[in-house]
Amino acid sequence: MSKLITLEEFIIERQHDFPFATGELSRLLSAIALASKVVNREVNKAGLVDITGAAGEENVQGEEQQKLDVYADDVFRIALEAQGEVCGIASEEQEDYVQFNSDLNSDSKYVVMIDPLDGSSNIDVNVSIGTIFSIYRRVSDANGPVQLEDFLQKGDQQVAAGYVLYGSSAMLVYTTGNGVNGFTLDPSIGSFYLSHPNTQIPKSGKIYSVNQGNFHTFPQGVKDYISWCQESDKESNRPYSARYIGSLVADFHRNMLKGGIYMYPSTAKAPNGKLRLLYECNPLAFLAEQAGGTATNGKQRIMELQPTELHQRVPLFIGSSEMVAKAESFGVVNN
Ligand code: AHG
Ligand code: MN
Ligand code: MN
């Protein structure tokens, strides 16, 4: 049997990869891993909600049930604050960023951005959901409180990013800028084990993922690209297969392993697309590029976009590099 490597062992082993190797980032990643196990436990119990009480109701123990996305938000925030390496976080679930004030956090160097539960429409129907996180070094004066500018950094300033997928197995996948590594949780022991070392996205694939219900309000170039994906051509493996879970983490993960393109273009209802630059697009863009793939808004690298507000949305085209380039060649952005 080959030696199993746990996430904790791997993080320590790779500490030297990180330009500011002081152990802080390692502790931060460990806090995220711990919180994700707590969330995974609750996700696994979500199907029992109907018999133990729905969100907002009291359960049999007389405790108020929380919605899972609010619960996950609390778990990650509390874990990150308690751990002490973070001076503030911004969460998709919170209107404003949260500043950590305790002595432990006051001179911490990092900020975290998080989508605590991604795929909310799938929570109640037993379909894979996830958590997405993104870590930056603060840029404001370390002696004062964390500032908005610490969160509005371009994606190419990320020092680490990753996601947790609560699927048939729970997985944690992350990068610190030296490739992408994936870990699978052994639930009986509670340890993440290295299962997907140095993951690479195939240059091309045969899956396209998009909410085609919005087809009629997509930019013309997106419609044309989708029609091209559906044409028959043996040489380029077309027609492609359409696969869309509706949980970005799960759709991205599948496409990363198999090769494919995920698109959330602008629509009539969501002129800038639906996905959030800071909590969803930047972290997945960092992972995609580290795995040899591409992430753009249709004409520009996601990680080069200057954020102007916390909850900013951008169109997203992400996945296998040849597929994203092909999509872009159709002019997938509204004029
Ligand atoms: P969240 O649950 O964090 O709000 O994100 C949902 C996102 C993403 O996970 C998914 O890809 C997308 O919304 C699906 O949107 P549509 O239902 O519009 O396709
Ligand atoms: Mn999301
Ligand atoms: Mn969410």
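In listed order, ligands and their atoms are each counted from 1.
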Electrostatic pair E289-R301, nearest N-O below 4.0 angstrom: yes
Contacting atoms of ligand 1, where contact means under 4.0 angstrom from a heavy atom of E280: 3 (O), 5 (O)
Close N or O approach (S247, ligand 1; < 3.5 Å): no
Numbered atoms of ligand 1 (with element) below 4.0 Å of L248, judged on heavy atoms: 8 (C), 9 (O), 10 (C), 11 (O)
Polar side-chain atom of D233 near backbone of S236 as donor-acceptor pair, under 3.5 Å: yes
Q212 contact mode with ligand 1 (heavy-atom cut-off under 4.0 Å): neither
Min heavy-atom dist I245 to ligand 1 below 4.0 Å: no
Structural part of D115 in contact with ligand 1, heavy atom criterion under 4.0 angstrom: side chain
Name of whichever N/O/S atom of E280 is nearest to the Mn ion (ligand 2): OE2
Heavy atom of the protein closest to atom 14 (C) of ligand 1 (residue, atom name, distance): Y244 OH, 3.3 Å
Within 6.0 angstrom of R243 CZ, more than 12 heavy atoms from elsewhere: no
Test item, Y279 contacting ligand 1 (heavy atom, 4.0 angstrom): no
Under 4.0 Å to a heavy atom of L117 - the qualifying atoms of ligand 1, by number: 2 (O), 3 (O)
Q83 (side chain) donor-acceptor with E85 (main chain) under 3.5 angstrom: yes
Among S120, G273, G246, closest by any non-hydrogen atom to atom 10 (C) of ligand 1: G246
Y97 and F151 aromatic centres sub-6.0 Å: yes
Heavy-atom side-chain contact between L257 and H253 under 4.5 Å: yes
Protein contact to atom 11 (O) of ligand 1 [nearest heavy atom, distance to 0.1 Å]: Y262 OH, 2.7 Å
Atom 15 (O) of ligand 1 - nearest protein heavy atom and its distance: K274 NZ, 3.0 Å
N or O contact, S121 vs ligand 1, cut-off under 3.5 Å: no
Separation between CD of E81 and OG of S108, rounded to the nearest 0.5 Å: 10.0 Å
Under 3.5 Å: donor-acceptor pair, side chain of K203, backbone of G292: yes
F192 side, atom CZ; F10 side, atom CZ - distance, nearest 0.5 Å: 14.0 Å
Check: E9 main-chain N/O paired with T6 side-chain donor or acceptor under 3.5 Å: yes
Residue G119, metal the Mn ion (ligand 3), N/O/S under 2.8 Å: no
Within-cut-off N or O pair, D118 and ligand 1, under 3.5 Å: yes
Between D73 and Q94: side-chain donor-acceptor atoms closer than 3.5 Å: yes
Atom 18 (O) of ligand 1: the protein heavy-atom neighbour that sits closest, reported with distance to 0.1 Å: Y264 OH, 2.6 Å
Option with minimal heavy-atom separation from atom 7 (C) of ligand 1, where the choices are N122, L275, N211: L275
Listed partners of E328 passing salt bridge (charged side-chain N to carboxylate O under 4.0 Å, His left out), at least two apart: none
Contacting atoms of ligand 1, where contact means under 4.0 angstrom from a heavy atom of G119: 1 (P), 2 (O), 3 (O), 5 (O), 9 (O)
Per-residue contact class, D251 against ligand 1 - non-hydrogen pairs under 4.0 Å: neither
Metal-centred angle, OE1 of E92 through the Mn ion (ligand 3) to OD1 of D115, rounded to 10 degrees: 90°
M113 with V159, same ILVMFWY side-chain cluster at under 4.5 Å: no
V146 backbone acceptor or donor facing S140 side chain under 3.5 Å: no
Closest protein heavy atom to atom 4 (O) of ligand 1, given as residue, atom name and distance to 0.1 Å: R276 NH2, 3.3 Å
For the Mn ion (ligand 2): the N/O/S atom of D118 at shortest distance: OD1
